[in-house]
Amino acid sequence: MEEAKPLNFLEEIVAKDLASGKHQTVLTRFPPEPNGYLHIGHAKSICLNFGLAKRYNGKTNLRFDDTNPVTEDTEYVESIKNDIKWLGFEWTDEFYASDYFDQLYAFAVELIKKGLAYVEDASAEEIAAMKGTPTEPGTNSPSRSRSVEENLDLFERMKNGEFKEGSRTLRAKVDMASPNMQMRDPLMYRIKFAHHHRTGDKWCIYPMYDFAHGQSDAIEHITHSICTLEFSSHRPLYNWFIEQLALFPSTQYEFARLNLTYTVMSKRKLLQLVNEKHVTGWDDPRMPTISGLRRRGYTPASIRMFADKIGVAQRENLIDVSLLEFCIREDLNKTALRRMVVFNPLKVVITNWPAGKVDMIESENNPEDESSGTRLVPFSGELYIEQDDFMEDPPKKFFRLSIGNYVRLKAGYIIKGESVLKDEQGNITEVHCTYVPESRSGEDTSGIKAQGTLHYVSAVHAVPVTIREYDRLFNIENVGASDEDFRTLLNPDSLQVIENALAEPALLDDKATDRYQFMRKGYFAFDKDSSGKHLVFNRTVTLKDTWAKASK
Ligand code: ATP
Ligand code: MG
């Protein structure tokens, strides 16, 4: 049975609003700006918005906040939709803030008519100079006292393209002495002669976030509008517009944005990593993007589990990426097929193996999941094991292969090291062993206790594969808190490629899955760079958290 978790603060608010009858149903929204790919921080927000609605039988809209035509693009719209679906969520309605441009324009005209908005002639610098500081009030602009008629005329002409970019803006007439800087006559519209990915060249004025967001919420009858903490100071303005326009009373609530160790989380920085080719693209498996995590081998369930575990905080914090790694290990341990792959091969010749004989040994696909079935693993007289699984002069407690020592080969036999062959430089090229015929896995009657169990592949059956081992993208924990340019903090060893690792042949036949545990190596995911019979795998995560130990 699932343990009943206490409600988080947002659930408490929703439960109260439903109980009091303030709202009959819950409607949330996820409002991405289509100016980049979604990252794990957005996943947190998605799980929160969709999860909250689901819990209270409500609905969630997807709304693209596309009010900035310069940075937005349809490619991003498609990737965002794809990522949300992949995470396992379905939105009720799909909207665009640009759907409301006519309505928002009408709202602005209404505010002008009420004497609550005016056309500003001052430049951005002049506006900033009149704004005051948090401890000193601002000064009223000369434009503030314009008549309603003049404002209506100028605003219409702004819309008609009569004025240059930057020459005029529309401002709300609130209070230049407000202790809240956001309330000091904030901008509502700016002139931008830019092509919009949906509205084309219809508009040359575009609403600011503060005038678009809350009004869009209200138009859709969003009950609980959840955003990150940096918008707390915008809440009074959000409410002011809704009250002055007498709209549906959507309410804004804030939670702490997710920050993760060893990475950056702003789309602007992620875009820089892509454009400057520090990574191969938005879906580079080292990126904290949803598409990067997917390619790395993360499952939707593991990301949802992570979002659930971190909960909703009301204070900024930094979450350790090992928690995310814990979640994917939990999931893959239950679901990933076990396979054997040798990364640095060393040849083993079994001298008492009958010439030409091949045993096909049935072995479990996943001991954690009976329904996963079995596969056949070939065993023959020439095998490969990992180089570091053999030592000629082993220290005490070396439980792998050495001369005179027994080890078990998984899904195979017990073997004993007998002698080594070396090249002219003295490097070991082959280990000669004998095997114990009565020790076949599953029917072992030998009575011999082998100390360790190794993975291996049969030489003639082995399939060469490419392995990409990924590590932290950055060298320091809190990249955001550093004064250095974040690009100088990149980990130069975040990718190691092993070109000719050798895999058991079952990997070639697997059509149904693309996530594996390579025995003793970690969890790996099939990569789209594979071609024909040459397979490429990305390391999702190691089997254990080696990083935490190493950095202590
Ligand atoms: P970034 O700063 O990374 O560009 P953003 O906030 O500008 O992010 P939007 O597309 O505007 O990105 O965000 C869509 C939604 O996702 C917003 O509601 C925002 O609050 C939320 N969100 C963005 N980043 C995070 C984060 N790190 N943690 C939690 N929620 C986030
Ligand atoms: Mg934004």
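Everything numeric here is computed off the predicted structure, so don't read it as measured data. Note that these values count all heavy atoms, side chains included, but never hydrogens, waters or copies made by symmetry. Note that ligands are numbered from 1 as they come in the structure, with each ligand's atoms numbered from 1 the same way.
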Of Lys44, His42, Arg268, the one whose closest heavy atom lies nearest atom 22 (N) of ligand 1 is His42
List ligand 1 atoms under 4.0 Å from [X], heavy atoms only on the residue side.
X	value
Pro31	14 (C), 18 (O)
Phe255	29 (C), 30 (N)
Thr228	20 (O), 29 (C), 30 (N), 31 (C)
Ser266	3 (O)

Are any of the N/O atoms on [X], whether in the backbone or the side chain, positioned under 3.5 angstrom from an N/O atom of ligand 1?
X	value
Met265	yes
Glu33	yes
Cys227	no

Counting heavy atoms under 4.0 Å, the part of Phe231 that contacts ligand 1 is neither
Note to self: Against ligand 1, does His39 come closer than 4.0 Å with any heavy atom?
What the structure shows: yes
When you check the gap from the basic side-chain N to the acidic O, do [X] and [Y] get nearer than 4.0 Å?
X	Y	value
Arg29	Asp93	no
Arg296	Asp527	no
Glu11	Arg55	yes

Under 6.0 Å between ring centres, would you say that holds for His224 and Tyr253?
yes
Which class fits the ring pair Tyr189 and Tyr105: parallel under 30°, tilted 30 to 60°, perpendicular over 60°? perpendicular
(message) Quick check with a 6.0 Å cut-off and a 45 degree axis cone: is Arg472 positioned over the face of Tyr262's six-membered ring?
(response) yes
inquiry  = Is it true that His278 and Asp284 share a donor-acceptor pair across their side chains at a distance under 3.5 Å?
reply    = no
